[in-house]
Amino acid sequence: MERSRRDDIDAQDRIEVRASGPLEGTVAIGGAKNSVLKLMAACLLTEGTFVIRNVPDIEDVAVMGEVLRSMGVSVSRSDHVLTINRPESVTPEAPYALTEQLRASTAVLGPLLAGIGHARVALPGGDDFGPRPIDMHVAGLEAIGCQFEVSGGDVIATADNLVGNPVLLEYPSVGATENVMMAAVRAKGTTVIDNAAREPEIADLAGFLNHMGGQVAGAGTSTIVVEGVEELHPVEHTAVSDRIEAATFLAALGMAGGEITLVGARPDHMAMLCRKLGDMGVRTSADPDGIWAMCSGRLRSADVSTLPYPGLPTDCKPLLVAMLSVAEGVGIVTENLFSGRFRYVDELVRMGADIRTEGHHAVIRGVDRLSGAPVRASDIRAGAALVVAGLAADGVTLVSDPHHIDRGYEDFTGKLSALGADVRRERPGG
Ligand code: UD1
């Protein structure tokens, strides 16, 4: 007998969500995934023992740990602290089995080229966001003296002499800015990165490099100036707070109502999102502990357009689409960063949302209530958005493939339940 979609979902690890609210209490926001992964890569720059604090216990950090271990680096984790010991010699290769799991593993290119002068990194390929090339990483690194060839699916890069030079990025790519910054820190002379990405995680990485003895100025603005230095040393560092995790709990509050405090969240890194949420009916204000937030009554629709920082993060888009699907009125969402990234929309429609997509746009007519359904997480943020949607859905929402959520969220269901949400993780046989 043919198995139904429902049977398949029942047999798997999943998250079960019921209508919830109001939420109440405090939730601790962890260190930023998108910062920690790059800080880990930066440890390849020089020999010695690094300590990174405020590290979330998530799968992507575990995979990046494997990438470093495969190169001969020792990595140990305990209680949100990573200790990374980079020996004198490392194998500068990242295999496909790891890079295909973690696109951010391409962040090892810059530090390997600067630290060793050679790197072989398997190209990670596309993903649910559509093609995600690394041409800008390559162009930026070439501008400061690296040579590249592609063979057997790997990028093989060498740098005999890194030389400071102007680097004009075609687009403020986060990954390309970071790779060039990490290589330029050891180049001879001055590198000026123009049209640099301005994300807080870039400023965090620049701070890390400067503690190491690097000379990086302007991170957080679109012009970053890196003076190459001859020597770097290992450091201890505390990772910046995760603005996307914080945004996820604000979205949960929007769906369920209530009053919560996000301990450790950085309101200064979330200004555009907080303004948009304010338009939609979620009040936020800076609190000595982080961010205080309150929401009561029905959400209001708004138009949303994703842009590089300080614009609205593309990572928040699925959360905003989930919120708009129950808001009063019609909202138009425009994706400006990635070609795909609307896959979760079909799942929200299965929950009763009224959403039409056309290319980079989605038109969302808010409905009164969603209805619980079996749905599938297709990536980290899409998965989180489906759980959040379930908070405003009648009946039971079963989110399968929650391993995507584990890539970027530590104890997501535990943190939501502690705020009073009716959410639990069901594991096969457990
Ligand atoms: C990072 C984040 C991701 C976030 C994104 C945008 C990590 C691990 N991931 O991804 O969560 O959604 O920033 O804030 O930090 N592009 C090219 N060629 C390149 C590089 C990028 O065409 O060489 C394109 C990408 O396909 C995409 C856009 O530029 O359309 C943005 O990419 P980028 O800012 O580099 O994002 P990531 O670093 O991949």
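One-based numbering, in listed order, for ligands and for the atoms of each.
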Exercise. Does the N or O separation between L37 and ligand 1 drop below 3.5 Å for any pair?
Worked result: no
Seminar exercise, completed: At under 4.0 Å between heavy atoms, what of E178 touches ligand 1? The answer is neither
Exercise. Is there at least one pair of N or O atoms, one from K33 and one from ligand 1, spaced under 3.5 Å apart?
Worked result: no
Exercise. If we only count N/O pairs under 3.5 Å, is K38 in contact with ligand 1?
Worked result: yes
Exercise. What side chain to side chain donor-acceptor pair (under 3.5 Å) pairs are there with at least one residue in residues 35-45, not counting sequence neighbours?
Worked result: S35-D204, K38-E178
Exercise. Has the side chain of H361 got a donor or acceptor atom that lies under 3.5 Å from a matching backbone atom of T334?
Worked result: no
For this session: Tell me yes or no: between the side chains of E236 and H211, is some donor less than 3.5 Å from an acceptor?
Result: no
Could you list the donor-acceptor pairs under 3.5 angstrom formed by side chains in residues 216-223, with sequence neighbours left out?
unit_1, atom_1, unit_2, atom_2, d
T221, OG1, G218, O, 2.7
T221, OG1, T223, N, 3.2
T221, OG1, T223, O, 3.0
T223, OG1, D194, OD1, 2.9

Exercise. Within less than 4.0 angstrom of ligand 1, does P133 place any heavy atom?
Worked result: yes
Exercise. Within the structure, does A176 bring an N/O atom to less than 3.5 angstrom of an N/O atom in ligand 1?
Worked result: no
Problem set entry | Under 3.5 Å donor-acceptor, N54 side chain and A239 backbone | yes
Exercise. Is there a heavy atom of R381 sitting under 4.0 angstrom from any atom of ligand 1?
Worked result: no
